[in-house]
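Keep in mind that the numbers below use all heavy atoms, side chains included, and drop hydrogens, waters and symmetry copies. Count residues from 1 along the sequence. What you are looking at is a predicted structure, and each value in this text was computed from that prediction instead of being measured.
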Amino acid sequence: MGCTEKIQRNKVEAHLQSTARIHLALTCSTFKETMEKLDVLQKQVGEFKETLEATNSFVTAKVDVLASKVDAQSGELASSNSALRAQIDADKREWKAVNVALIFKVHSQAKEVARLTNASPFVWKITGFSDVLKLAKNGRTKSIFTEFYTGKQGYKLNLRVDPDGDQTKRNRYLSLYVGIMKGDYDAILPWPFCEQVTFSVIDQQPDAAQRKNVVVVVGPNETPGFCCRPSVEQNPKLSEFRRLISHKLLKTRRYVKHNTLLLQVEVGRHDSESRDSNSDSV
């Protein structure tokens with residue numbers, strides 16, 4: 001190898017070494033800058049994490065506070081609703097009691113008005129008679145009852161009707177029972193009860209002259225258990241008329257009109273056609 005070639009090789013190697021040193025220096029400078037930027041970025045990331053954690057803590061605390069308020073308000077609302085429901089229930093019970101009391105008072109006043117206005121004869125209007133008779137035949141409602149005063153300061157009587165009371169192989173009969181009850185004016189009335197009582201099943205013909213009432217007249221009943229002044233709500237002894245009128249006879253004429261039966265009771269002596277209740281042979 002010549003001297004010239006050796007010199008050129010040395011120049012090339014020197015150039016390469018110089019270039020490598022320059023590139024290495026640039027690489028080191030770039031790496032350093034990158035590391036500095038990475039440090040800055042990591043610092044920013046750390047700060048962001050701290051901010052995010054602080055924000056999350058704040059939001060969580062706010063949510064907890066709001067949840068506590070909601071729970072408290074829900075509890076208050078539930079308590080208020082419970083109290084309101086209790087108040088409504090109490091008001092309902094109070095109004096129901098008031099209504100019951102008013103109904104009882106109205107009923108009592110109606111009975112009192114009826115008592116003050118009743119005078120012999122008393123007419124018992126039995127409506128829906130076909131249903132009453134059907135219930136009696138089915139054994140569901142054997143008897144129906146009513147009570148009345150014989151006058152403004154009169155005796156208090158109880159009437160009981162058994163629509164399907166007396167049953168024979170031949171026929172069925174409407175039965176009637178009458179009893180004496182404790183009344184408001186017993187202290188000023190004569191005892192024992194010795195009045196004539198007249199029972200009439202009214203024939204509801206439009207023309208009164210054409211009517212043929214079924215009449216039973218009962219003379220003064222001096223049976224001690226019936227006619228004495230009541231010491232209990234009602235005397236135990238009853239006057240019985242097991243065959244007041246037969247079902248067959250009831251279907252004739254107009255004893256039942258518009259599904260209504262009229263039973264009249266007169267206390268005292270009256271000029272009425274009379275017959276024995278057992279003489280009903282129809």
Side-chain angles (χ1 to χ4, degrees), residues 104 107-108 110-126 129 132-133 135-168 171-201 214-247 261-270 272 274-280:
F104 180 77
H107 180 67
S108 299
K111 289 181 67 175
E112 180 66 12
V113 170
R115 182 187 67 78
L116 292 175
T117 56
N118 275 344
S120 186
F122 168 77
V123 178
W124 187 4
K125 185 178 182 181
I126 305 175
F129 183 75
V132 172
L133 183 58
L135 291 173
K137 288 185 175 182
N138 292 338
R140 295 178 60 184
T141 305
K142 179 181 177 182
S143 306
I144 57 175
F145 302 85
T146 191
E147 56 189 50
F148 70 100
Y149 279 84
T150 60
K152 291 184 178 181
Q153 290 85 33
Y155 299 93
K156 186 177 182 181
L157 301 183
N158 175 276
L159 294 182
R160 184 187 106 197
V161 164
D162 292 356
D164 196 35
D166 187 272
Q167 304 174 22
T168 66
N171 213 330
R172 289 173 180 255
Y173 295 81
L174 182 146
S175 300
L176 174 68
Y177 303 84
V178 60
I180 300 177
M181 303 183 67
K182 263 188 177 181
D184 294 337
Y185 302 99
D186 289 352
I188 61 174
L189 295 172
W191 297 98
F193 177 86
C194 294
E195 298 288 343
Q196 174 179 287
V197 183
T198 304
F199 301 96
S200 303
V201 180
V214 176
V215 180
V216 176
V217 179
V218 182
N221 188 336
E222 298 184 4
T223 304
F226 172 81
C227 65
C228 61
R229 179 176 175 178
S231 58
V232 292
E233 186 63 22
Q234 178 176 314
N235 284 341
K237 182 67 176 179
L238 303 177
S239 285
E240 303 178 359
F241 309 95
R242 295 185 180 274
R243 296 186 180 185
L244 180 65
I245 186 171
S246 69
H247 292 178
L261 176 72
L262 298 180
L263 179 61
Q264 178 177 286
V265 184
E266 295 177 276
V267 177
R269 295 193 176 276
H270 302 275
S272 302
S274 66
R275 66 177 183 82
D276 187 345
S277 62
N278 291 323
S279 66
D280 184 4

Closest non-hydrogen atom pair, Asn171 against Ser246 = ND2-CB, 3.7 Å
Side chain to side chain contact (heavy atoms under 4.5 Å, CB included) partner of Leu263, the single match among Val123, Leu174, Leu176 = Leu176
ask   = Any side-chain heavy atom of Pro190 within less than 4.5 Å of one from Tyr155?
value = yes
query = So do the side chains of Trp191 and Pro230 get within less than 4.5 Å of each other, counting heavy atoms only?
reply = yes
Separation of Met181 CE from Asp186 CG (nearest 0.5 Å) = 10.5 Å
message = Please verify the inter-ring angle class for Phe148 with Phe122; under 30° counts as parallel, over 60° as perpendicular, anything in between as tilted.
response = parallel
inquiry  = Can you tell me which residue among Val161, Ile144, Asp164 is in a side chain to side chain contact (heavy atoms under 4.5 Å, CB included) with Val132?
reply    = Ile144
query = So do the side chains of Lys182 and Lys156 get within less than 4.5 Å of each other, counting heavy atoms only?
reply = no
request  = Might you point out which heavy atoms bring Tyr149 and Gly183 nearest each other, and give the distance in Å?
outcome  = OH-CA, 3.7 Å
key: Atom pair OG (Ser200) and CD1 (Ile245), whose distance is rounded to the nearest 0.5 Å   = 11.0 Å
key: Heavy-atom side-chain contact between Trp124 and Val265 under 4.5 Å   = no
key: Counterpart residues, side chain to side chain contact (heavy atoms under 4.5 Å, CB included), relative to Asp166 (two or more places apart)   = Thr168, Tyr173, Ser175, Arg242, Arg243
ask   = Nearest 0.5 Å, what's the CG-CZ distance between Asp162 and Phe145?
value = 7.5 Å
ask   = Just how far is it from atom CD of Gln234 to atom CZ of Arg160, taken to the nearest 0.5 Å?
value = 9.5 Å
ask   = What's the shortest heavy-atom distance between Phe199 and Val178, and which atoms?
value = CZ-CG1, 3.9 Å
key: Under 3.5 Å: donor-acceptor pair, side chain of Asn158, backbone of Gly179   = no
inquiry  = What I'd like to find out is whether the side chain of Ile180 reaches to under 4.5 Å of the side chain of Leu157, using heavy atoms alone.
reply    = yes
query = So how far is it from Asp184 CG to Gln153 CD, rounded to the nearest 0.5 Å?
reply = 10.0 Å
key: Euclidean distance, Glu195 CD relative to Thr150 OG1, rounded to 0.5 Å   = 7.5 Å
